[in-house]
Visitor: 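Below are the structure tokens for one structure; questions will follow.
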Amino acid sequence: MYWIERWSQLRKKELISYPDDFPIHDVYLAMGTHEDLKSGWKELLEVFTHCYEDILQDPAGMLLPVYDMEEYGYFSKEARTSREKSWQYAKIFYVLGYSGEWTQNGELKIRADGLKEQCKALKITNIHAYLKILGNYGFVTEGLSGGKIKDDTEIVISYPDNRNVIAVLYILAKKSKNTDRFQDFSRLNVRLFENDWNTVTHGSGADVVADLLHSEQDRKTAWLIHEELVRRNYVYNFQNWNEGPQIRYYRKESDRNRNTNADFWMTSMDTELILYFRIVNMDNVLAYISTCPERVIAHFTVSDNGCANRISGKCVSGISYQLGNQVVWRCGCCNPNFQVTPDIEDYLYYINAVEMAGGKKKK
């Protein structure tokens with residue numbers, strides 16, 4: 001398997017495909033009815049999906065790098081390059097959308113010089129070759145000369161099968177550019193339709209993680225966790241992992257400012273909900289854990305191997321404890337030492353356990 005396949009799989013999974021209906025601000029209805037724009041969004045979503053599927057089948061044919069995962073490690077330059085290139089088609093649609101001017105007959109008119117300048121800023125080379133590939137998905141490009149873009153000319157992009165696709169592409173790209181929300185665009189986040197061209201009200205709470213989760217119950221659980229921690233006066237910030245966004249929760253603003261000692265991380269890990277939490281004083285909480293449902297207790301009876309610090313004897317973050325008949329080791333060097341995908345009825349047990357344990361390790 002190639003690295004580009006691994007990251008393109010994630011880009012496909014992160015497409016926000018679940019809403020059956022969604023609000024659209026009146027400012028966009030000059031470009032089509034609510035149903036028109038919803039139809040254009042659904043078809044554009046299909047185009048993005050097919051692009052990622054074709055990358056998995058033939059990455060070289062999609063003009064993307066092919067570095068074998070067995071040959072190149074996770075932290076290699078090749079893996080990083082592949083991760084960045086997995087955004088390539090989203091970037092191409094993005095630059096076409098915001099560089100163009102939408103017309104009433106469902107076209108994008110784009111000045112060649114402006115397009116080349118914007119492609120350079122996004123490190124997109126040979127845009128003409130990608131435009132040819134987009135023809136496989138129903139997009140028509142007019143104005144090329146010998147298959148290439150000439151200076152001081154204008155190209156026209158259309159989608160004859162459904163002219164609303166161009167309207168939606170223009171709206172989402174322009175809105176994302178205006179508000180610096182490229183990742184929302186790359187995921188075709190319908191929340192971009194909610195406000196006017198220069199305003200966003202999402203992305204300040206649990207939706208940063210919850211919107212990417214495929215399960216409606218997990219999305220509800222993420223919001224419940226967030227609201228409960230805020231109610232308990234935790235402060236938070238946002239982080240990005242290669243595998244997805246996360247929210248970190250701290251007892252003190254000073255810890256948040258230093259980005260240290262977060263008690264909870266809530267993350268979309270490959271679009272799966274994971275709650276990380278940190279416990280250092282297990283003696284304070286073992287009695288409470290023993291009263292929890294068996295499915296909750298089970299999460300506290302699993303050991304891990306620890307990292308190199310445990311092997312070298314230099315570990316200061318791992319903990320060892322006995323629960324029932326089991327002796328458990330949990331590493332805490334790189335991440336908080338516990339992680340679960342919480343059921344909606346169980347999240348309070350984990351929050352309560354952290355609070356009861358206290359925040360400082362006993363000497």
Side-chain angles (χ1 to χ4, degrees), residues 1-19 41-42 44-95 122-124 130 133 137 172-173 176 181-192 202-203 206-219 221-222 238-248 265-276 334-335 339-341:
M1 184 174 181
Y2 300 119
W3 277 112
I4 191 66
E5 296 174 278
R6 186 268 178 273
W7 296 118
S8 294
Q9 282 178 337
L10 180 54
R11 300 288 87 82
K12 177 185 172 184
K13 289 166 69 177
E14 286 185 335
L15 291 171
I16 297 176
S17 59
Y18 55 81
W41 175 80
K42 287 184 175 179
L44 187 59
L45 179 67
E46 289 182 12
V47 169
F48 272 49
T49 301
H50 291 323
C51 274
Y52 290 123
E53 290 171 349
D54 288 344
I55 291 170
L56 298 178
Q57 294 296 320
D58 182 16
M62 295 291 282
L63 309 182
L64 296 176
V66 286
Y67 297 115
D68 196 299
M69 293 178 69
E70 293 186 4
E71 184 176 355
Y72 299 99
Y74 184 91
F75 297 104
S76 67
K77 178 183 69 175
E78 290 77 10
R80 293 195 304 273
T81 297
S82 299
R83 189 164 57 245
E84 179 61 30
K85 287 294 186 179
S86 69
W87 303 101
Q88 186 79 338
Y89 281 87
K91 286 182 177 180
I92 289 163
F93 282 116
Y94 181 56
V95 74
L122 291 176
K123 299 180 181 180
I124 299 170
Y130 289 104
I133 290 174
Y137 305 100
L172 296 184
S176 299
R181 293 295 184 100
F182 168 70
Q183 287 199 339
D184 278 339
F185 173 82
S186 71
R187 296 161 179 160
L188 296 185
N189 193 336
V190 294
R191 292 183 187 272
L192 289 168
H202 65 280
D207 55 319
V208 169
V209 167
D211 282 359
L212 299 186
L213 307 176
H214 291 202
S215 159
E216 183 177 356
Q217 180 163 294
D218 284 347
R219 292 194 291 272
T221 303
F238 303 107
Q239 306 280 326
N240 267 310
W241 276 2
N242 294 329
E243 289 76 11
Q246 65 177 237
I247 309 173
R248 296 188 182 183
W265 299 358
M266 184 167 69
T267 184
S268 166
M269 176 64 73
D270 274 26
T271 69
E272 298 292 332
L273 174 63
I274 297 183
L275 178 66
Y276 292 82
C334 301
N335 305 327
Q339 56 271 338
V340 298
T341 297

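In what follows, residues are counted from 1 in the order of the sequence shown. Keep in mind that this is a model prediction, so the values were computed, not measured.
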Visitor: For Tyr130, what residues pass the side chain to side chain donor-acceptor pair (under 3.5 Å) criterion, not counting sequence neighbours?
Guide: Gln88
Visitor: I'd like to check the ring-ring contact (aromatic ring centres under 6.0 Å, His included) partners of Tyr94; sequence neighbours left out, ordered by chain and number.
Guide: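 Expected list: Tyr98, Phe182, Phe185.
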Visitor: Let me confirm one number: the CG-CG distance from Leu44 to Leu172, rounded to the nearest 0.5 Å.
Guide: 7.0 Å
Visitor: Who passes ring-ring contact (aromatic ring centres under 6.0 Å, His included) against Phe93, sequence neighbours left out?
Guide: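 Once residues adjacent in sequence are excluded, the partners of Phe93 under the ring-ring contact (aromatic ring centres under 6.0 Å, His included) criterion are Phe48, Phe139.
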Visitor: Of the non-hydrogen atoms in Met266 and Ala206, which two are nearest, and what is the gap between them?
Guide: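 Taking Met266 first and Ala206 second, the nearest heavy atoms are CE-CB, 4.3 Å.
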Visitor: So, taking the atom named OG1 in Thr271 and the one named CG in Leu10, what distance separates them when rounded to the nearest 0.5 Å?
Guide: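 Here the interatomic distance stands at 7.0 Å.
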Visitor: Which atoms form the tightest heavy-atom contact between Leu45 and Ser17, and what is the distance?
Guide: CD2-CB, 3.6 Å
Visitor: Can you check whether Trp7 reaches Asn242 side chain to side chain, under 4.5 Å on heavy atoms?
Guide: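 Sidechains of Asn242 and Trp7: in contact.
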Visitor: Check whether Trp41 reaches the backbone of Leu188 with its side chain - one donor and one acceptor, N or O, closer than 3.5 Å.
Guide: yes
Visitor: Measure across Leu15 and Ser186 and return the closest heavy-atom pair with its distance rounded to 0.1 Å.
Guide: CD2-O, 3.5 Å
Visitor: With sequence neighbours excluded, give me every salt bridge (Lys or Arg N to Asp or Glu O under 4.0 Å) pair touching residues 62-75.
Guide: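 Sorted pair list comes back empty.
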Visitor: For residues 72-94, which residue pairs qualify under salt bridge (Lys or Arg N to Asp or Glu O under 4.0 Å), counting only residues two or more places apart or in two chains?
Guide: Glu84-Lys91
Visitor: If you round to the nearest 0.5 Å, how far is CD of Gln239 from CD of Gln246?
Guide: 5.5 Å
Visitor: Closest heavy-atom contact between Arg11 and Ser86?
Guide: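 Distance-wise, the nearest heavy atoms are NH1-OG, 2.8 Å.
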Visitor: Which heavy-atom pair separates Ser176 from Leu192 by the least distance, and what is that distance?
Guide: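 Looking at all heavy atoms of both residues, the closest pair is OG-CD1, 3.3 Å.
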Visitor: Show the atom names and distances, to 0.1 Å, of all donor-acceptor pairs under 3.5 Å that link a side chain in residues 208-218 to residues at least two apart or in another chain.
Guide:
unit_1	atom_1	unit_2	atom_2	d
Asp211	OD1	Arg191	NE	3.3
Asp211	OD1	Arg191	NH2	3.0
Asp211	OD2	Arg191	NE	2.6
His214	NE2	Lys13	O	2.7
Ser215	OG	Gln217	N	3.2
Ser215	OG	Asp218	N	3.1

Visitor: Where do Met1 and Gln9 come nearest, in terms of heavy atoms and distance?
Guide: CE-OE1, 3.3 Å
Visitor: According to salt bridge (Lys or Arg N to Asp or Glu O under 4.0 Å), who are the partners of Glu5, at least two apart in sequence or on a separate chain?
Guide: none
Visitor: Quick check against the 3.5 Å criterion: does Tyr89 have a side-chain atom that pairs as donor or acceptor with the backbone of Met62?
Guide: yes
Visitor: Rounded to the nearest 0.5 Å, what separation is found between the CD1 atom of Ile274 and the CG atom of Asn335?
Guide: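 Going from the CD1 atom of Ile274 to the CG atom of Asn335 covers 10.0 Å.
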Visitor: Excluding sequence neighbours, so at least two apart, what forms side chain to side chain donor-acceptor pair (under 3.5 Å) with Ser8?
Guide: none
Visitor: Output all residues satisfying salt bridge (Lys or Arg N to Asp or Glu O under 4.0 Å) with Arg181, sequence neighbours left out; order by chain, then residue number.
Guide: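 Only Asp184 meet the salt bridge (Lys or Arg N to Asp or Glu O under 4.0 Å) criterion with Arg181.
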Visitor: Can you tell me how far apart OH (Tyr67) and OG (Ser76) are? Round to the nearest 0.5 Å.
Guide: 9.0 Å
Visitor: State which residues pass ring-ring contact (aromatic ring centres under 6.0 Å, His included) with Tyr276; sequence neighbours excluded, sorted by chain then number.
Guide: Trp241, Trp265
Visitor: What residues, two or more places apart in sequence or in another chain, satisfy ring-ring contact (aromatic ring centres under 6.0 Å, His included) together with Tyr18?
Guide: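 Scan of Tyr18 (ring-ring contact (aromatic ring centres under 6.0 Å, His included), adjacent residues dropped) gives none.
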Visitor: Any sub-3.5 Å donor-acceptor pair from Ser268's side-chain atoms to Leu273's backbone N or O?
Guide: no
Visitor: Mind listing the side-chain donor-acceptor pairs of residues 52-59 below 3.5 Å, one per line with the distance, residues two or more places apart or on another chain?
Guide:
unit_1	atom_1	unit_2	atom_2	d
Glu53	OE1	His50	ND1	3.2
Glu53	OE2	Lys12	NZ	3.1
Asp54	OD2	Tyr137	OH	2.6
Asp58	OD1	Gly61	N	3.0

